[in-house]
Engineer: 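Have a look at the structure that comes next, please.
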2 protein chains.
Amino acid sequence: MARRTQEQRKTETRTRLIDAAAELFARKGFHAVSAEAVADAADRTTGALYSHFGGKEGLLLALLEVWKQRTVERLTAEIHQLPDPAPHFAAMWEAITAPAEDRGEAWLLLEIELWQHGARDPVFGPLIARRFAEIRGQLGEGLADWAEATGTELPYAPDEAGALVLGALLGCALQHRLDPDAVPEELVVHALSTLLGLRTPGGSPPASPRTEQTPKEARP
Amino acid sequence: MARRTQEQRKTETRTRLIDAAAELFARKGFHAVSAEAVADAADRTTGALYSHFGGKEGLLLALLEVWKQRTVERLTAEIHQLPDPAPHFAAMWEAITAPAEDRGEAWLLLEIELWQHGARDPVFGPLIARRFAEIRGQLGEGLADWAEATGTELPYAPDEAGALVLGALLGCALQHRLDPDAVPEELVVHALSTLLGLRTPGGSPPASPRTEQTPKEARP
DNA sequence: GTCTATACAAAGATAGAC
DNA sequence: GTCTATCTTTGTATAGAC
């Protein structure tokens, strides 16, 4: 395999650049990272970057495509047909908030970074909008399948359920990122279950006993 | 009042710079906006900016303080003691998602911009964390007061309720921004009510009749 | 396809006049 | 306190060698 070098070096370069970009864009933000910094982190040069992607913007676009697949895997792992979907919610929550396991920490940051570009750039807007729609769709579909299999009735249409679950997860993760104690996993899981009518709102308190619960505000 | 100029010009400059910064940071992002652009938009020069705030970073810090108050007002308008808090939820939602009424559109963008700095910068982190904690606190307190006054029992501690409501609002607003149809107001209001146990999960469908509800995915 | 070197533009920051 | 002018650094992008 002495010949592999030439044919494959280019795809490896693409991968290296995209990975480096994901890391840096998430950690510092798109505008705060120079093309050179990305190239350096990927052990390449700006020349290679421009040759492949035409610039930083093009790199972000390429990154989006790759990222899409990883995220769908991350969030929509088959919701098994257990009577209680709580473990599945917990898994999704952990996938989003995990410190660095499989770049869990960076996931939220990059996702928000992409959202921003979508909200600001007319080119990215529809792309990101579609991305979110797909996530909602997959999420909702999974829930609908589960409901049908277990004989439960969801109080929302699949897409609506997807939107609410995704919304709650994102919004809670944002807060969790700055103040983990303020948004414990049990709270989120319980809320999601309640939201979808999978338990009575008042009944069955969060999995872990709701001890005391004195306000945990940081008061520095 | 010929003398007002000297004493007050400086505070007017501060205000102008902060307002301009809020507008531009929200619309383009902190790193995408130059100090000069902010100064120009405020009809001042970079010299004045540096003299007052020491730089762009300092300006962001100052902006945060001002923004704090406006947001608390925006989100925690007294929750009146009606039996149904839905109108109040609807008002909060509109405050967050309103196109440009009172800079409603920019609100979410700037809020996310601040969150990012908090998540990335060790100096901003605690400040933004505190900010969110305060919003949660106010929100939760308002809900608790309402519950007590109306004889309702909230299934969560005040801070927990605040975290969930804020989370759902934020996460839904993020999606709404890219695809308004996917997250209609009635859905969010209904979800919030359900979440807090103010109606049975399955019962009382959203205010507006849930017509058809064919998936509204953009399929460009 | 990738690197080195570099042109060119923009941004951050400051000194000194008013 | 504010402006004009400018210095320095950093970033984008390209041309040409390998």
Side-chain angles (χ1 to χ4, degrees), chain A residues 1-63 113 116-117 120-121 123-124, chain B residues 1-63 113 116-117 120-121 123-124:
Chain A
M1 290 206 182
R3 210 108 266 284
R4 204 197 54 182
T5 330
Q6 294 166 340
E7 309 139 20
Q8 262 200 334
R9 172 118 195 209
K10 88 169 169 185
T11 90
E12 194 201 325
T13 294
R14 277 186 69 96
T15 306
R16 292 180 73 106
L17 284 169
I18 288 178
D19 285 351
E23 227 275 307
L24 287 173
F25 290 169
R27 216 175 60 224
K28 304 190 168 187
F30 179 77
H31 291 292
V33 172
S34 67
E36 196 180 359
V38 176
D40 283 0
D43 262 308
R44 293 293 185 279
T45 59
T46 63
L49 192 160
Y50 276 87
S51 162
H52 276 283
F53 303 104
K56 230 169 60 168
E57 199 83 9
L59 179 54
L60 185 64
L61 226 13
L63 162 60
E113 190 74 22
Q116 277 186 320
H117 281 268
R120 286 168 179 157
D121 185 325
V123 172
F124 275 86
Chain B
M1 290 207 184
R3 208 107 267 283
R4 205 196 56 181
T5 328
Q6 293 167 338
E7 310 138 18
Q8 260 199 335
R9 171 118 195 208
K10 86 170 172 185
T11 90
E12 192 199 328
T13 294
R14 276 187 70 96
T15 306
R16 291 180 74 104
L17 285 169
I18 289 179
D19 284 351
E23 227 276 307
L24 287 173
F25 290 170
R27 213 174 62 224
K28 306 193 168 184
F30 179 77
H31 291 292
V33 172
S34 67
E36 196 179 357
V38 176
D40 283 0
D43 262 308
R44 292 292 185 280
T45 59
T46 62
L49 193 160
Y50 277 86
S51 162
H52 275 284
F53 304 104
K56 228 168 61 168
E57 199 82 11
L59 180 54
L60 185 64
L61 227 12
L63 162 61
E113 190 73 23
Q116 279 185 319
H117 281 269
R120 285 168 179 157
D121 185 326
V123 172
F124 275 86

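Every chain is numbered from 1 and lettered A, B, ... according to where its sequence line falls, protein lines coming before strand lines.
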Engineer: From CD of Glu36(B) over to P of dC3(D), roughly how many Å is that when rounded to an integer?
Structural biologist: 13 Å
Engineer: To the nearest angstrom, how far is Leu59(B) atom CG from dA11(C) atom C1'?
Structural biologist: 15 Å
Engineer: Assign the ring pair Phe30(B) / His117(B) to parallel, tilted or perpendicular, where the plane angle (0 to 90°) is split at 30° and 60°.
Structural biologist: perpendicular
Engineer: Check every atom of dG1(C), dG12(C), dG1(D) against the side chain of Lys10(A) and return the nucleotide holding the closest atom.
Structural biologist: dG1(C)
Engineer: Which part of the nucleic acid, if any, lies within contact of Thr13(B), taking any heavy atom under 4.0 Å across all strands shown: a base, the sugar-phosphate backbone alone, or nothing?
Structural biologist: sugar-phosphate
Engineer: Whole angstrom is fine here: how far is it from CZ in Phe30(B) over to C1' in dG12(C)?
Structural biologist: 11 Å
Engineer: Could you please name the option among dC3(C), dT12(D), dC3(D) that lies closest to any side-chain atom of Ala35(A)?
Structural biologist: dT12(D)
Engineer: Measure CG/Leu17(A) against C1'/dT2(C) and give the value in whole Å, please.
Structural biologist: 11 Å
Engineer: What is the distance, rounded to the nearest whole Å, between atom OH of Tyr50(B) and atom P of dC7(D)?
Structural biologist: 17 Å
Engineer: I'd like to check Asp121(B) versus Glu57(B) (side-chain heavy atoms, cut-off strictly below 4.5 Å). Are they in contact?
Structural biologist: yes
Engineer: Report the distance from atom CG of Asp40(A) to atom P of dT12(D), rounded to the nearest whole Å.
Structural biologist: 12 Å
Engineer: On a heavy-atom basis, which atom in Leu63(B) and which in Ala22(B) lie closest, and how many Å separate them?
Structural biologist: CD1-CB, 3.7 Å
Engineer: Return the minimal non-hydrogen interatomic distance between Lys56(A) and Val33(A), and the atom names on each side.
Structural biologist: NZ-O, 2.8 Å
Engineer: Identify the two heavy atoms, one from Leu17(A) and one from Ala42(A), that lie closest to each other, and give their separation to 0.1 Å.
Structural biologist: CD2-CB, 3.7 Å
Engineer: Are His31(B) and dA11(C) close enough that a side-chain N or O sits under 4.0 Å from OP1 or OP2?
Structural biologist: no
Engineer: Would you mind telling me which of dA13(C), dG1(D), dT2(C) lies closest to the side-chain atoms of Thr46(B)?
Structural biologist: dA13(C)
Engineer: Look at all strands and tell whether Thr45(A) reaches a base, only sugar-phosphate, or nothing, counting heavy atoms closer than 4.0 Å.
Structural biologist: base
Engineer: Nearest whole angstrom, please: distance from the P of dT14(D) to the CG of Leu49(A).
Structural biologist: 12 Å
Engineer: What is the distance from CZ of Phe53(B) to C1' of dT14(C), rounded to the nearest Å?
Structural biologist: 18 Å
